[in-house]
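These notes concern the structure reproduced below.
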Number of protein chains: 2
Amino acid sequence: MAAVKYSRQRESIKRYLMGTKAHPTADMVYQGVREEYPNISLGTVYRNLNFLVEQGEALRLTCGDGSEHYDGNVEPHYHLMCRCCHRVLDLEMASLEHINTLAAANFGGTIEAHSVLFFGRCPECKEV
Amino acid sequence: MAAVKYSRQRESIKRYLMGTKAHPTADMVYQGVREEYPNISLGTVYRNLNFLVEQGEALRLTCGDGSEHYDGNVEPHYHLMCRCCHRVLDLEMASLEHINTLAAANFGGTIEAHSVLFFGRCPECKEV
DNA sequence: TCAATATTAGTAACTATTATCAGTATAATT
DNA sequence: AATTATACTGATAATAGTTACTAATATTGA
(Lines give C-alpha, C1' and ligand atoms only; values in the text may rest on other atoms or scores of the structure.)
Protein backbone atom coordinates (compact mmCIF):
# COMPACT_ATOMS: atom_id res chain seq x y z
CA MET A 1 0.00 0.00 0.00
CA ALA A 2 1.04 3.59 -0.54
CA ALA A 3 3.31 2.71 -3.45
CA VAL A 4 6.05 5.24 -4.04
CA LYS A 5 6.14 6.89 -7.44
CA TYR A 6 9.08 8.60 -9.02
CA SER A 7 9.11 12.38 -9.04
CA ARG A 8 11.67 14.63 -10.70
CA GLN A 9 11.24 17.17 -7.93
CA ARG A 10 12.16 14.61 -5.32
CA GLU A 11 15.17 13.50 -7.35
CA SER A 12 16.29 17.09 -7.70
CA ILE A 13 15.97 17.65 -3.96
CA LYS A 14 17.93 14.49 -3.26
CA ARG A 15 20.59 15.50 -5.78
CA TYR A 16 20.83 18.95 -4.24
CA LEU A 17 21.28 17.53 -0.76
CA MET A 18 23.89 15.03 -1.90
CA GLY A 19 25.82 17.76 -3.66
CA THR A 20 26.27 20.17 -0.79
CA LYS A 21 28.05 20.16 2.53
CA ALA A 22 26.24 23.29 3.66
CA HIS A 23 23.60 21.49 5.78
CA PRO A 24 20.86 23.63 4.27
CA THR A 25 17.51 24.50 5.78
CA ALA A 26 14.30 23.69 3.90
CA ASP A 27 14.23 27.20 2.53
CA MET A 28 17.81 26.96 1.29
CA VAL A 29 16.94 23.70 -0.46
CA TYR A 30 13.92 25.44 -1.95
CA GLN A 31 16.06 28.29 -3.29
CA GLY A 32 18.57 25.82 -4.70
CA VAL A 33 16.11 23.48 -6.39
CA ARG A 34 14.25 26.44 -7.88
CA GLU A 35 17.21 26.94 -10.21
CA GLU A 36 16.17 23.70 -11.89
CA TYR A 37 12.42 23.75 -11.16
CA PRO A 38 11.34 27.39 -10.88
CA ASN A 39 7.75 26.38 -10.11
CA ILE A 40 8.49 23.99 -7.30
CA SER A 41 6.55 24.77 -4.18
CA LEU A 42 7.97 25.08 -0.69
CA GLY A 43 5.42 22.52 0.49
CA THR A 44 6.84 20.00 -1.96
CA VAL A 45 10.31 20.61 -0.55
CA TYR A 46 9.13 20.05 3.01
CA ARG A 47 7.14 16.97 2.04
CA ASN A 48 10.08 15.38 0.28
CA LEU A 49 12.62 16.31 2.94
CA ASN A 50 10.41 14.56 5.48
CA PHE A 51 10.09 11.62 3.14
CA LEU A 52 13.85 11.36 2.64
CA VAL A 53 14.48 11.55 6.38
CA GLU A 54 11.90 8.81 6.98
CA GLN A 55 13.54 6.64 4.32
CA GLY A 56 16.93 7.16 5.90
CA GLU A 57 18.22 8.98 2.81
CA ALA A 58 18.81 12.24 4.66
CA LEU A 59 19.39 13.46 8.20
CA ARG A 60 17.51 16.19 9.98
CA LEU A 61 19.73 18.33 12.21
CA THR A 62 18.16 20.31 15.02
CA CYS A 63 20.61 23.09 15.71
CA GLY A 64 18.47 25.33 17.88
CA ASP A 65 18.58 28.26 15.46
CA GLY A 66 14.88 28.24 14.62
CA SER A 67 14.85 26.01 11.58
CA GLU A 68 15.81 22.44 10.86
CA HIS A 69 18.87 21.67 8.76
CA TYR A 70 19.21 18.73 6.39
CA ASP A 71 22.18 16.59 5.51
CA GLY A 72 22.46 14.25 2.54
CA ASN A 73 25.34 12.43 4.19
CA VAL A 74 23.73 9.77 6.32
CA GLU A 75 26.97 8.24 7.53
CA PRO A 76 27.22 8.79 11.29
CA HIS A 77 29.22 11.94 11.95
CA TYR A 78 29.15 15.04 14.12
CA HIS A 79 28.63 18.74 13.53
CA LEU A 80 29.76 22.10 14.75
CA MET A 81 27.71 25.25 14.63
CA CYS A 82 29.97 28.28 14.31
CA ARG A 83 28.94 30.94 16.81
CA CYS A 84 30.29 33.58 14.50
CA CYS A 85 29.01 32.80 10.99
CA HIS A 86 26.29 30.37 12.12
CA ARG A 87 27.24 27.78 9.54
CA VAL A 88 27.03 24.06 10.29
CA LEU A 89 30.25 22.17 9.56
CA ASP A 90 31.14 18.50 9.54
CA LEU A 91 33.65 17.37 12.13
CA GLU A 92 36.05 14.57 11.37
CA MET A 93 36.28 12.85 14.68
CA ALA A 94 36.08 9.51 16.42
CA SER A 95 32.73 7.90 17.10
CA LEU A 96 31.14 8.78 20.42
CA GLU A 97 29.17 5.56 20.78
CA HIS A 98 30.75 5.01 24.18
CA ILE A 99 28.80 7.90 25.70
CA ASN A 100 25.63 5.79 25.43
CA THR A 101 27.25 3.37 27.86
CA LEU A 102 28.16 6.23 30.18
CA ALA A 103 24.58 7.48 30.05
CA ALA A 104 23.15 4.03 30.71
CA ALA A 105 25.33 3.38 33.77
CA ASN A 106 23.08 4.96 36.42
CA PHE A 107 19.87 4.96 34.45
CA GLY A 108 16.90 2.66 34.89
CA GLY A 109 15.67 3.09 31.34
CA THR A 110 17.20 2.36 27.95
CA ILE A 111 19.59 4.49 25.90
CA GLU A 112 19.06 4.02 22.19
CA ALA A 113 20.74 6.99 20.54
CA HIS A 114 22.25 10.39 21.08
CA SER A 115 22.53 13.65 19.25
CA VAL A 116 25.59 15.82 19.75
CA LEU A 117 26.24 19.30 18.46
CA PHE A 118 29.40 21.24 19.10
CA PHE A 119 29.63 25.00 19.31
CA GLY A 120 32.67 27.12 18.65
CA ARG A 121 34.40 28.91 15.84
CA CYS A 122 35.02 27.53 12.39
CA PRO A 123 38.55 27.77 10.95
CA GLU A 124 37.66 30.92 8.99
CA CYS A 125 36.07 32.78 11.88
CA LYS A 126 38.86 31.74 14.20
CA GLU A 127 41.31 33.93 12.29
CA VAL A 128 39.41 37.17 12.88
CA MET B 1 22.12 51.20 31.67
CA ALA B 2 18.88 49.23 31.43
CA ALA B 3 18.64 48.71 35.18
CA VAL B 4 16.75 45.59 36.15
CA LYS B 5 13.64 46.03 38.27
CA TYR B 6 12.01 43.42 40.43
CA SER B 7 8.83 41.82 39.13
CA ARG B 8 6.66 39.31 40.96
CA GLN B 9 5.85 37.60 37.71
CA ARG B 10 9.52 37.00 37.02
CA GLU B 11 10.03 35.69 40.55
CA SER B 12 7.08 33.37 40.14
CA ILE B 13 8.45 32.06 36.86
CA LYS B 14 11.84 31.51 38.44
CA ARG B 15 10.26 29.76 41.43
CA TYR B 16 8.21 27.56 39.15
CA LEU B 17 11.28 26.55 37.16
CA MET B 18 13.32 25.85 40.28
CA GLY B 19 10.55 23.72 41.70
CA THR B 20 10.10 21.30 38.84
CA LYS B 21 12.16 18.61 37.19
CA ALA B 22 9.76 18.38 34.27
CA HIS B 23 11.82 20.56 31.88
CA PRO B 24 8.70 22.48 30.88
CA THR B 25 8.06 24.35 27.66
CA ALA B 26 7.12 28.05 27.74
CA ASP B 27 3.48 27.09 27.54
CA MET B 28 3.77 24.67 30.45
CA VAL B 29 5.42 27.41 32.52
CA TYR B 30 2.58 29.70 31.48
CA GLN B 31 -0.06 27.20 32.64
CA GLY B 32 1.80 26.69 35.90
CA VAL B 33 2.38 30.33 36.76
CA ARG B 34 -1.23 31.14 35.92
CA GLU B 35 -2.24 29.31 39.10
CA GLU B 36 -0.61 32.17 40.99
CA TYR B 37 -1.06 34.99 38.47
CA PRO B 38 -4.17 34.24 36.41
CA ASN B 39 -3.67 37.37 34.31
CA ILE B 40 -0.05 36.76 33.37
CA SER B 41 0.48 36.90 29.64
CA LEU B 42 2.31 34.35 27.56
CA GLY B 43 4.52 37.12 26.22
CA THR B 44 5.65 37.90 29.76
CA VAL B 45 6.59 34.26 30.23
CA TYR B 46 8.63 34.21 27.04
CA ARG B 47 10.30 37.52 27.85
CA ASN B 48 11.31 36.38 31.29
CA LEU B 49 12.43 32.93 30.22
CA ASN B 50 14.72 34.57 27.70
CA PHE B 51 15.93 36.94 30.40
CA LEU B 52 16.67 34.11 32.83
CA VAL B 53 18.55 32.17 30.17
CA GLU B 54 20.62 35.26 29.33
CA GLN B 55 21.39 35.77 33.01
CA GLY B 56 22.46 32.16 33.35
CA GLU B 57 19.64 31.43 35.80
CA ALA B 58 17.98 28.89 33.52
CA LEU B 59 18.89 26.62 30.64
CA ARG B 60 17.15 26.37 27.31
CA LEU B 61 16.97 22.81 25.98
CA THR B 62 16.42 22.29 22.28
CA CYS B 63 14.97 18.82 22.03
CA GLY B 64 13.75 18.86 18.44
CA ASP B 65 10.10 18.37 19.36
CA GLY B 66 8.94 21.74 18.09
CA SER B 67 9.23 23.83 21.24
CA GLU B 68 12.03 24.81 23.55
CA HIS B 69 12.23 23.36 27.04
CA TYR B 70 13.54 25.18 30.10
CA ASP B 71 15.49 23.94 33.09
CA GLY B 72 15.95 25.77 36.36
CA ASN B 73 18.90 23.56 37.21
CA VAL B 74 21.89 25.26 35.64
CA GLU B 75 24.45 22.78 36.94
CA PRO B 76 25.98 20.99 33.96
CA HIS B 77 24.10 17.75 33.36
CA TYR B 78 22.60 15.73 30.52
CA HIS B 79 19.12 14.80 29.40
CA LEU B 80 17.18 11.98 27.86
CA MET B 81 14.08 12.40 25.79
CA CYS B 82 11.85 9.36 26.12
CA ARG B 83 10.70 8.17 22.71
CA CYS B 84 7.59 6.75 24.26
CA CYS B 85 6.16 9.41 26.61
CA HIS B 86 8.23 12.29 25.18
CA ARG B 87 9.24 13.54 28.61
CA VAL B 88 12.69 15.01 29.24
CA LEU B 89 14.55 13.41 32.14
CA ASP B 90 17.78 14.24 33.90
CA LEU B 91 20.57 11.71 33.57
CA GLU B 92 23.01 11.17 36.40
CA MET B 93 26.20 10.54 34.54
CA ALA B 94 29.82 11.48 34.28
CA SER B 95 30.83 14.71 32.60
CA LEU B 96 31.48 14.50 28.87
CA GLU B 97 33.94 17.36 28.73
CA HIS B 98 36.49 15.09 27.08
CA ILE B 99 34.45 14.94 23.87
CA ASN B 100 35.41 18.56 23.20
CA THR B 101 39.01 17.39 22.99
CA LEU B 102 38.01 14.59 20.63
CA ALA B 103 36.18 17.08 18.46
CA ALA B 104 39.09 19.51 18.43
CA ALA B 105 41.66 16.88 17.39
CA ASN B 106 41.24 17.14 13.60
CA PHE B 107 39.55 20.52 13.52
CA GLY B 108 41.10 23.79 12.47
CA GLY B 109 38.65 25.90 14.44
CA THR B 110 37.82 26.14 18.13
CA ILE B 111 35.48 23.98 20.20
CA GLU B 112 33.85 25.94 22.98
CA ALA B 113 30.88 23.86 24.07
CA HIS B 114 28.65 20.96 23.21
CA SER B 115 25.04 19.99 23.63
CA VAL B 116 24.13 16.35 24.03
CA LEU B 117 20.70 14.79 24.13
CA PHE B 118 20.06 11.10 24.58
CA PHE B 119 17.07 9.23 23.20
CA GLY B 120 15.60 6.04 24.55
CA ARG B 121 13.01 4.85 27.01
CA CYS B 122 12.51 6.16 30.50
CA PRO B 123 12.30 3.63 33.35
CA GLU B 124 8.50 3.72 33.31
CA CYS B 125 8.10 3.24 29.57
CA LYS B 126 10.73 0.53 29.57
CA GLU B 127 8.42 -1.78 31.52
CA VAL B 128 5.64 -1.77 28.91
C1' DT C 1 4.95 61.99 47.29
C1' DC C 2 6.71 62.22 42.93
C1' DA C 3 9.09 61.50 38.86
C1' DA C 4 11.69 58.24 35.92
C1' DT C 5 11.57 54.08 33.77
C1' DA C 6 11.35 48.95 33.68
C1' DT C 7 7.68 45.69 33.27
C1' DT C 8 3.22 44.05 32.20
C1' DA C 9 -1.20 42.40 29.70
C1' DG C 10 -3.19 42.16 25.57
C1' DT C 11 -2.81 41.76 21.00
C1' DA C 12 -0.84 41.88 16.45
C1' DA C 13 2.77 40.23 13.66
C1' DC C 14 6.12 37.02 12.18
C1' DT C 15 8.47 32.52 11.00
C1' DA C 16 8.70 27.75 10.28
C1' DT C 17 6.05 24.02 9.14
C1' DT C 18 1.97 21.26 8.01
C1' DA C 19 -2.62 20.47 5.87
C1' DT C 20 -5.85 20.75 2.08
C1' DC C 21 -7.18 20.04 -2.53
C1' DA C 22 -7.93 20.37 -7.48
C1' DG C 23 -5.08 19.35 -11.25
C1' DT C 24 -0.96 16.79 -13.12
C1' DA C 25 2.51 13.13 -13.57
C1' DT C 26 3.57 8.40 -13.14
C1' DA C 27 2.98 3.57 -13.79
C1' DA C 28 0.49 -0.47 -14.50
C1' DT C 29 -3.09 -2.55 -17.60
C1' DT C 30 -5.55 -3.10 -21.53
C1' DA D 1 -1.45 3.96 -27.76
C1' DA D 2 -5.32 4.59 -24.82
C1' DT D 3 -7.18 3.91 -20.23
C1' DT D 4 -7.30 3.76 -15.54
C1' DA D 5 -5.76 4.25 -10.78
C1' DT D 6 -3.39 6.80 -7.76
C1' DA D 7 0.81 9.22 -6.01
C1' DC D 8 2.55 13.72 -6.41
C1' DT D 9 2.54 18.68 -7.23
C1' DG D 10 1.72 23.78 -6.80
C1' DA D 11 -0.89 27.04 -4.59
C1' DT D 12 -2.69 28.51 -0.74
C1' DA D 13 -4.75 28.29 3.81
C1' DA D 14 -4.04 26.97 8.41
C1' DT D 15 -1.36 26.04 12.55
C1' DA D 16 2.17 26.46 16.21
C1' DG D 17 5.75 28.70 18.52
C1' DT D 18 7.70 32.92 19.37
C1' DT D 19 8.58 37.88 19.11
C1' DA D 20 7.20 42.82 18.63
C1' DC D 21 4.34 46.71 19.90
C1' DT D 22 1.94 49.76 23.03
C1' DA D 23 -0.78 51.96 26.50
C1' DA D 24 -1.23 51.15 31.31
C1' DT D 25 0.95 49.60 35.67
C1' DA D 26 4.58 48.51 39.05
C1' DT D 27 8.98 49.43 40.97
C1' DT D 28 12.62 52.32 42.59
C1' DG D 29 15.28 56.17 44.00
C1' DA D 30 15.04 61.04 45.29
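The model shown is predicted, which means the values in this text are computed figures rather than measured ones. Residue numbers start from 1 in every chain, and the chains themselves are labelled A, B, ... in the order their sequence lines are given, proteins ahead of strands.
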- Task: Let me know the distance between CD of A/Glu11 and C1' of C/dT26, rounded to the nearest Å.
- Result: 13 Å
- List, by chain and then residue number, the residues other than A/Val88 in its hydrophobic cluster (Ile/Leu/Val/Met/Phe/Trp/Tyr, side-chain heavy atoms under 4.5 Å); write none if there are no others. A/Leu59, A/Leu61, A/Val74, A/Met81, A/Leu117, A/Phe119
- Examine B/Tyr37 and B/Tyr70 and state if one hydrophobic cluster contains both, with Ile, Leu, Val, Met, Phe, Trp and Tyr joined whenever side-chain heavy atoms are less than 4.5 Å apart. yes
- Query: Can you name the residues that form a side chain to side chain donor-acceptor pair (under 3.5 Å) with B/Glu68, not counting sequence neighbours?
  - Reply: B/Thr62
- Which part of the nucleic acid, if any, lies within contact of A/Ser67, taking any heavy atom under 4.0 Å across all strands shown: a base, the sugar-phosphate backbone alone, or nothing? sugar-phosphate
- Message: What contact category does B/Asn48 fall into here, base, sugar-phosphate, or nothing, at under 4.0 angstrom with non-hydrogen atoms?
- Response: sugar-phosphate
- Query: Can you check the A/Asn39 CG to D/dC8 C1' distance for me, whole Å?
  - Reply: 15 Å
- Tell me: CE of A/Met28 to P of C/dT17, nearest whole Å? 13 Å
- Message: Among residues at least two apart in sequence or on other chains, which ones pass ring pair (Phe, Tyr, Trp, His ring centres under 6.0 Å) with B/His86?
- Response: none
- Nearest whole angstrom, please: distance from the C1' of D/dG17 to the CD of A/Glu68. 13 Å
- Residues, nucleotides or ligands: over 12 heavy atoms within 6.0 Å of B/Glu124 CD: no
- Query: Atom CD1 of A/Ile40 and atom P of D/dC8: how far apart are they, to the nearest Å?
  - Reply: 14 Å
- Item | Separation between OG of B/Ser7 and NZ of B/Lys14, rounded to the nearest 0.5 Å | 9.5 Å
- Task: For B/Tyr37 and C/dT7, give me the distance from atom OH to atom P, rounded to whole Å.
- Result: 15 Å
- Query: Taking atom types as modelled and ignoring hydrogens, do the side chains of A/Thr44 and A/Gln9 form a donor-acceptor contact shorter than 3.5 angstrom?
  - Reply: no
- Message: Could you report the tightest heavy-atom contact between B/Cys122 and B/Cys85, atom names first, then the distance?
- Response: SG-SG, 3.9 Å
- Interatomic distance, B/Glu36 CD vs C/dA9 P [rounded to whole Å]: 12 Å
Short N/O separations, protein against nucleotides 26-28 of chain D, under 3.5 angstrom:
from	atom 1	to	atom 2	distance (Å)
D/dT27	OP1	B/Arg8	NE	3.1
D/dT27	O2	B/Lys5	NZ	3.0
D/dT28	OP1	B/Tyr6	N	3.4

Polar atom pairs (N or O), protein with nucleotides 28-30 of chain C, under 3.5 Å:
none

- Among the clusters formed by ILVMFWY side chains lying less than 4.5 Å apart, do B/Val33 and B/Met28 turn up in the same one? no
Can you pull every protein N or O that's under 3.5 Å from an N or O on nucleotides 19-24 of chain D?
from	atom 1	to	atom 2	distance (Å)
D/dT19	OP2	B/Asn50	ND2	3.2

- Query: Are A/Val45 and A/Tyr6 grouped together when hydrophobic residues (ILVMFWY) are joined by side-chain heavy atoms under 4.5 angstrom apart?
  - Reply: no
- Message: If I take atom CD from residue B/Glu112 and atom CG from residue B/Asn100, how far apart are they, to the nearest 0.5 angstrom?
- Response: 10.0 Å
